[in-house]
Number of protein chains: 2
Amino acid sequence: MSARDKILEVAQTRFAENGYAATSVRQIAEAADVNPAMIHYYFGSKEDLLRAALEQALEPLTEAVQAMQQSREASPEAITRTLMGLVAAHPNLPLLVVREVMLPGGVMQAHFAENLAPRLGGALPDILAREASTGRIRKDLPPAIGALALMAMALFPFIVRPVAEKVLDLDLDDAQLETFASHISEFVRRGFAP
Amino acid sequence: MSARDKILEVAQTRFAENGYAATSVRQIAEAADVNPAMIHYYFGSKEDLLRAALEQALEPLTEAVQAMQQSREASPEAITRTLMGLVAAHPNLPLLVVREVMLPGGVMQAHFAENLAPRLGGALPDILAREASTGRIRKDLPPAIGALALMAMALFPFIVRPVAEKVLDLDLDDAQLETFASHISEFVRRGFAP
DNA sequence: ATTGAAATTAATCAAACGTTTAATTAATAT
DNA sequence: ATATTAATTAAACGTTTGATTAATTTCAAT
């Protein structure tokens, strides 16, 4: 494994676990067993390192979102399952995204608002419209509510689950996650057609 | 307003908006119009300042949770409404809690695991049991799933809403929040009795 | 008016920060 | 074998960090 890759890998975990500000370049360098200067050699700056780490981490997510949006197969169930799979494959992803992309004060907030939010947010109306056209949701429901419900569902594997596991001291297995995924999907549908 | 109170107020917003690590003692002092040494004079250390800020911010929350647990009036609707009211009254609360208490790497994580998590998490089984005894939820549902669903609902006003508002570029009014609160409560019930 | 504690200030500390530099080794191309 | 580029290192840069110190002001109680 190259020095560059090792830096990127360490940065991803550290930034996700401790946050950008609380993680020093020297810490990353030491954990990756490289000279601190290598980070600037390869990435230019600490912020660019985070950008690179996020880009790599978010790639499968944006790919999945676009694929779902275009394939016209997006349903609450499909979204939930896709997101859960992504998180299972990349355990660092949720924390990294929540910390530095979604929460205010995050380093990548501007980048998020300009590039990612429109793409993610833009996909939701399409999904809603498709659900409405098949008669699965009420047509008179305010779009904001529908989008919010869908969003709440999509956020579950990213935020709610890790936090809830911590508070409840749970360690959910795959079967339980499957059960809950179906519950969440049902929620979205019910929210639309009570 | 005393210097101490001003420091505490500024610290609450800054820590919530930018995170603990990214907020310097000097920044807080300047924003509070106070000499940096005053922070150590009143609070001892930066970490103790965060502890004080969190304690003050969390007071209404823990009070509300305990009150609900003891009054035996806790229902999904009541929980959602209470939490939403708390957040409306203290807009900094969610971010502060999420950043430094719930997410790993947060400064107060140990304090959270030892003191707050048991109290919050401990209340959920009681609420579940009460719902089961009145026949409003299925008795054969795995407790973990029920608690998780309830937790997901409780987390909405804290995490999902601000993030979703950002992604969807929404600015939800009270009526919409009411609507969504009822949808969430319905979700918990439906999740139990589909 | 004096005293003494509390509040506040300016100045300073060592440590850690992100970053840069210059020099050196390793690898590749000519 | 030589020249060129890439990778890596150790050391130092100036700045900012949280924290401390000593001196000063504030102000109520005597």
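Per chain, numbering begins at 1; letters A, B, ... match sequence-line order.
Rounded to whole Å, atom P of D/dG18 lies 13 Å from atom CD of B/Glu30. Separating the CD atom of A/Gln27 from the C1' atom of C/dC17 is a distance of 11 Å, rounded to the nearest angstrom. Put simply, NZ on B/Lys6 is 14 Å from C1' on C/dA7, counting in whole angstrom units. Rounding to whole angstrom units, CG of residue A/Asn18 and P of C/dA16 are separated by 17 Å. Spacing between atom CZ of A/Phe15 and atom C1' of C/dG18 amounts to 11 Å, rounded to whole angstrom units. For the pair B/Asp5 CG and C/dA7 P, the computed distance is 12 Å after rounding to whole Å. Between A/Asn35 atom CG and C/dT19 atom P there is a gap of 14 Å when expressed in whole angstrom units. In this structure, B/Ile28 places its CD1 atom 8 Å from P of D/dG18, rounding to the nearest Å.
Listed here is the closest heavy atom pair of B/His40 and B/Ser45: CD2-CA, 4.0 Å. Among all heavy-atom pairs drawn from A/Ala53 and A/Gln12, the shortest one is O-NE2, 3.5 Å. Closest non-hydrogen pair, A/Val34 versus A/Ala3, comes out as CG1-CB, 4.0 Å. Taking both residues in full, the closest heavy atoms of A/Leu8 and A/Gln56 are given as CD2-NE2, 3.5 Å, listed atom of the first, atom of the second, then distance. Taking each heavy atom of B/Glu100 and B/Phe15 in turn, the nearest pair found is OE2-O, 4.4 Å. In this structure, B/Leu96 and B/Ala57 approach most closely via the heavy-atom pair CD2-CB, 4.0 Å.
With values rounded to the nearest 0.5 angstrom, B/Ile28 atom CD1 is found 9.5 Å from B/Phe43 atom CZ. Between the CZ atom of B/Arg4 and the CG atom of B/Leu49 there is a distance of 9.0 Å, given to the nearest 0.5 Å.
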Atom pairs, protein N/O to nucleotides 21-24 of chain C N/O, distance under 3.5 Å:
none

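Between A/Glu55 and A/Arg51, none of the side-chain N atoms (NZ, or NE/NH1/NH2) sits under 4.0 Å from a carboxylate O, so this pair counts as no salt bridge.
Under 4.0 angstrom from either OP1 or OP2 of D/dT17 there lies at least one side-chain N or O belonging to B/Ser24.
Residue contacts for A/Thr23: at a heavy-atom cut-off of 4.0 Å it reaches the sugar-phosphate backbone alone, with no base atom in range.
Within residues 38-55 of chain A, the residues that have a heavy atom under 4.0 Å from DNA chain D are, in order of number, A/Met38, A/Tyr41, A/Tyr42.
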